[in-house]
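Input: a single structure, listed below in structure tokens.
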Protein chains: 2
Amino acid sequence: MSSKEYILQTAVTLFSKQGFSGMSMRDLAKSVNMSTSAVYHHFPNKQALYLDAVHFAFAKQASAFDEVWQAELAADEKLSRFVSCLVRVLSTDVDFRRLMQRELLDADDGRMQLLAKEVFQEQFCHLMAVIEQLSESRQVHFSALSVIALVCDIIQMQPLSRHLPGWQAEHEQLDFIAEHVLNLLMNGIKSKG
Amino acid sequence: MSSKEYILQTAVTLFSKQGFSGMSMRDLAKSVNMSTSAVYHHFPNKQALYLDAVHFAFAKQASAFDEVWQAELAADEKLSRFVSCLVRVLSTDVDFRRLMQRELLDADDGRMQLLAKEVFQEQFCHLMAVIEQLSESRQVHFSALSVIALVCDIIQMQPLSRHLPGWQAEHEQLDFIAEHVLNLLMNGIKSKG
DNA sequence: GTCTATATGGCGATAGAC
DNA sequence: GTCTATCGCCATATAGAC
């Protein structure tokens, strides 16, 4: 791996943990065993490094969903695979998830457009197509958004839900989350699940 | 309003917009038309001010749900009112919502416990009781978590979803969100909604 | 309780040698 | 491409007058 890639990878982790203003270029330099000047040789300034790091983290996940939308699968099977895949990606790549959450908080409208286009749009269109097959609703956009929102925030709230009554360790297992999210989506809250 | 309360109120807004390390004590002092020393007269350091501000913002919302859980209402009506109320609170008090999101990202386990106990626990118990009446599922904790997660992230993702295909302005109206979230919860994704 | 002035240190970023 | 040394600035926090 090149120095630049190594710096980027490390920056992704540090930015995701500490945010833009929380991470210092000195911290980063120390983490990659370089001087700050060496880091500045690869990136013109902190802002540009941050944008590169976000881009880098998001690009890594671009192909994670490639196997989900295979044509020969039934619509409900596609949805099931998407939910499982989303749960897995968000639970496994913690840096990616946290960086995305921070972008939702801090990004300006231009960065939101980038996030929409480069990270979400393709999967979102596939998801809407599947929902259109499964649902009688005209609010396909809203339903697709609900699927993603439900998965994201369940995982995001895990460190909190541990301290709420009724929590059990199995609630954090990937299969459990995927199964119960899917059950809620297909049958609503009333189901036996 | 006392100086201390005025500082706290202002700090809540600034912390929610810029995060802990992004907001400077000088910014805050300027915003309340004081010197930094005057601010330090009321709070021993930045960390303590931050914790006070979080506490302050969360306490403001403690009574927002008082009218939701009235005994004489049917269970599905209670759920409906809770969803509407949650949508309203999170959409109206943007500082509260953003501060909560930041806490989910940055808080250590002790602060998570505080957040669980002081902000969520009471409403969460009411919500679980209602779901227990409505549902045949044994996973009441998980269902309650799903309700909150769904509402939170739909609102959190609004600035992003604006740039995704199929978006319509009505998707951001409070009544629309509440109605469709409730429909999804009661009937799943297949419904006409 | 609020001010001015200041101590002390970390920050982003650059200069110039190798 | 990486280093050492440093600039200029802004950060948190404090001292002491009013």
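Just so we're on the same page: letters track the sequence lines, and every chain starts at 1. Since we're looking at a predicted model, the values are computed, not measured.
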(request) Would you mind reporting whether B:D175 and B:I177 have side-chain heavy atoms less than 4.5 Å apart? (result) no

(request) Ignoring the backbone of B:Y40, work out which of C:dT2, D:dT14, C:dG12 is nearest its side chain. (result) D:dT14

(message) Would the distance check show the side chain of A:S16 and the main-chain N or O of A:T13 forming a donor-acceptor pair, the cut-off being under 3.5 Å?
(response) yes

(request) Before accepting this row, confirm whether a basic side-chain N of the pair A:E103/A:R111 lies closer than 4.0 Å to the acidic partner's carboxylate O. (result) yes

(request) State whether A:R102 and B:D106 are salt-bridged, where the test is any N-O pair (Lys NZ or Arg NE/NH1/NH2 against Asp/Glu carboxylate O) under 4.0 Å. (result) yes

(request) Would you mind reading off the distance between B:D27 atom CG and D:dA11 atom P, rounded to a whole angstrom? (result) 6 Å

(request) Note down the inter-axis angle between the two ends of the helix from C:dG1-D:dC18 to C:dC18-D:dG1, five pairs each, to the nearest 10°. (result) 0°

(message) Counting only heavy atoms and a strict 4.0 angstrom limit, can you tell me which residues of residues 2-20 of chain B come near DNA chain C?
(response) B:S3

(request) For B:S191 and B:N187, indicate whether the former's side chain and the latter's backbone hold a donor-acceptor pair under 3.5 Å. (result) no

(request) Rounded to the nearest angstrom, tell me the gap between atom CG in B:N45 and atom P in D:dA13. (result) 5 Å

(message) By nearest atom, which of the nucleotides C:dC11, D:dT2, C:dC3 is closest to the B:M34 side chain?
(response) C:dC3

Report all interatomic pairs (protein N or O, nucleotide N or O of nucleotides 4-6 of chain D) with separations under 3.5 Å.
{"unit_1": "D:dT4", "atom_1": "O4", "unit_2": "A:S37", "atom_2": "OG", "d": "2.4"}

(request) Round to a whole Å and report the spacing from CG of A:L28 to C1' of C:dC11. (result) 14 Å

(request) Would you tell me if any nitrogen or oxygen in the side chain of B:H42 comes within less than 4.0 Å of OP1 or OP2 on C:dT2? (result) yes

(request) Kindly indicate whether a cation-pi arrangement holds for B:K4 with B:F43, taking the cut-offs as under 6.0 Å to the six-membered ring centre and within 45° of the axis. (result) yes

(request) Compute whether any side-chain donor of one residue and acceptor of the other, for B:Q121 and A:H163, lie under 3.5 angstrom apart. (result) no

(message) With a 4.5 Å cut-off on side-chain heavy atoms, are A:V12 and A:F96 touching?
(response) no

(request) Rounded off to whole Å, could you give me the CZ-to-P distance for the B:F43 and C:dG1 pair? (result) 12 Å

(request) Measure the distance from NZ on A:K30 to C1' on C:dG10 and round it to the nearest whole Å. (result) 11 Å

(request) Using the ring of A:F20 (Phe, Tyr or Trp, six-membered ring only), decide whether A:K46 places NZ or CZ under 6.0 Å from its centre and within 45 degrees of its axis. (result) yes

(request) Provide, to the nearest angstrom, the distance between the CE atom belonging to A:M25 and the C1' atom belonging to C:dT14. (result) 13 Å

(request) Using a strict 4.0 Å threshold on nitrogen-to-oxygen distance, state whether B:R162 and B:E172 make a salt bridge. (result) yes

(request) Taking atom types as modelled, find out whether A:H171 and A:Q158 have a side-chain donor-acceptor pair closer than 3.5 angstrom. (result) no

